[in-house]
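Scroll down for the structure; my scribbles are underneath it.
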Protein chains: 2
Amino acid sequence: MAAALSNNSYAILGMVALRPMSGYDIKAFADETVRHFWAISYGQIYPELKQLEELELVSSEEAAVGGRQRTVYQATTRGREALEAWLSEPVESPMEVRDEMLLRVFFSDHGDPKDRERLLRATVKRHQDAAARLGDHRPKAASHGPSCRLEVLDFGIAFHRFCADWFSKQLRTSEEAGNHAG
Amino acid sequence: MAAALSNNSYAILGMVALRPMSGYDIKAFADETVRHFWAISYGQIYPELKQLEELELVSSEEAAVGGRQRTVYQATTRGREALEAWLSEPVESPMEVRDEMLLRVFFSDHGDPKDRERLLRATVKRHQDAAARLGDHRPKAASHGPSCRLEVLDFGIAFHRFCADWFSKQLRTSEEAGNHAG
DNA sequence: ATTATCATGTAAATGGTTACATGATTGG
DNA sequence: CCAATCATGTAACCATTTACATGATAAT
């Protein structure tokens, strides 16, 4: 019995269910779509594609262009069924966040108030930049009309804007307090 | 030369800079404060405390109660300096999110629309619950007046409320579309 | 008595990234 | 010609969790 499929397996299976893709394509597509809540690296993609093929959930086709190697994968009927089954199962793991900035903010009264403000400013900027980067992909994602992909992208944009606004407000409060004190 | 300190080292150092704590205390405190953006397990805490002690950034004291073992750690002056230095350094790693729900939402048009709605409902509930759980800790966190700890807690609450509201809106849109179609 | 909690610790497993190797093609 | 990009792949590494071992004390 092969190892049970992980969420990563389904992430990759889902990609090749959208349209035929090579490992390289999957990485590029993932980086501009799911990266902000589900990062994937080559070290996961290529071995996973092989496993999915063994399980006959995807099929592969050689599609070399000249001497440049290229293997394109697509989901099989069984693969689509497995994907559908996964979508009907209850979600197991909660959202996990790891944020160095929040960790520093948490301890920031142990340091210089100037550093704290610098930190908040950097946090605001990071979230603004993240929102902007996601926004760049929006026209492309929207070109096919409404979809789950667009929905999730819009969530990402709204999410980072929310964070930027929230820390922006904290920064203003912090600066005002500093002005009164200084 | 010892390995450079990781963010995890600073997380633990920061805890024992707040007040003397045992490894067990650190775990409990972390679980009700930083857990929502920086999870820590015993497998990290105990070895890290030893490393920090070797570097003389924390000191330990035996504080057994009866036959029950207990080692309490606190930050040394050098430890506090190291913490301050860390807080003045630029942040390296970006916020990382891993969310199985979003991954499923992303692919949810491959499945049954009913499953999609169930998924959205579960997502809303999870975020509501997360906000409520964090809210439970608020009175305790607020009892010492405003602080970075309270600030970060409030961010967590606001963040999960934002997510709950956002997906709640998506769910309504989804349900309306379903009613028109059916 | 028994269960929950306090308390420390580690080995093994898991999950994921990084860095590298290899080589073709395209665009400047 | 050189850099960027396309393309595949893996070994080593890193971070983190899980599961377990051990044993005391407090609460029911």
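Note that these values count all heavy atoms, side chains included, but never hydrogens, waters or copies made by symmetry. Chain A is the first sequence line, chain B the second, and so forth, proteins listed ahead of strands; every chain is numbered from 1.
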Select base, sugar-phosphate, or nothing to describe what B:S41 touches, counting heavy atoms under 4.0 Å on all strands.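 Base contact - B:S41 has a heavy atom under 4.0 Å of at least one base atom.
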Remember a base hit wins even if backbone is also touched, and classify A:T71 as base, sugar-phosphate or nothing at under 4.0 Å, heavy atoms.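 Here A:T71 touches the backbone only, sparing every base.
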Hey, does the Lys NZ or Arg CZ of A:R149 hover above the aromatic six-ring of B:F106, less than 6.0 Å from the centre and inside 45° of the axis?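 So A:R149 does make the cation-pi contact.
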Between A:F167 and A:R172, is there a cation-pi geometry (under 6.0 Å to ring centre, at most 45° from the normal)? no
What is the distance, rounded to the nearest whole Å, between atom [atom1] of [X] and atom [atom2] of [N]?
X: A:E96; N: C:dT14; atom1: CD; atom2: C1'; answer: 14 Å
X: B:K27; N: C:dT5; atom1: NZ; atom2: C1'; answer: 15 Å
X: B:Y24; N: C:dT5; atom1: OH; atom2: P; answer: 8 Å
X: A:I40; N: C:dT18; atom1: CD1; atom2: C1'; answer: 17 Å
X: A:Y42; N: C:dT18; atom1: OH; atom2: P; answer: 13 Å

State whether the side chain of [X] and the backbone N or O of [Y] hold a donor-acceptor pair below 3.5 Å, judged by distance alone.
X: B:K27; Y: B:S41; result: no
X: B:S174; Y: B:L171; result: no
X: A:R98; Y: B:A39; result: yes

At their closest point, which heavy atom of A:H110 faces which heavy atom of B:G14, and how far apart are they? NE2-O, 4.1 Å
Give a yes/no answer on whether the side chain of B:R98 brings an N or O atom under 4.0 Å of OP1 or OP2 in C:dG16. yes
Going 5' to 3' along DNA chain D, between which two nucleotides do contacts with chain B fall, using a heavy-atom cut-off of 4.0 Å? D:dT16 to D:dT25
Contacts under 3.5 angstrom, residues 119-132 of chain A side chains, donor-acceptor by atom type, not counting sequence neighbours:
unit_1, atom_1, unit_2, atom_2, d
A:R121, NH2, A:E117, OE1, 3.4
A:T123, OG1, A:L119, O, 2.7
A:K125, NZ, A:D129, OD2, 2.7
A:R126, NH1, B:S93, O, 3.0
A:R126, NH2, B:V91, O, 3.0
A:R126, NH2, B:E92, O, 3.4
A:H127, ND1, A:H160, ND1, 3.0

Checking side-chain polar atoms at under 3.5 Å, does A:E48 have a donor or acceptor matched by the opposite partner on A:Q51? yes
Hey, which sits more toward the 5' end of DNA chain C by its nearest nucleotide, A:A39 or A:G66? A:A39
Which sits closer to the 5' end of DNA chain C, A:Q44 or A:Q69, going by the nucleotide each is nearest to? A:Q44
Is the A:F155-A:F37 ring centre distance short of 6.0 angstrom? no
In short, the helix from C:dA1-D:dT28 to C:dG28-D:dC1 is bent end to end, axes from five pairs each side, to 10°, by 30°
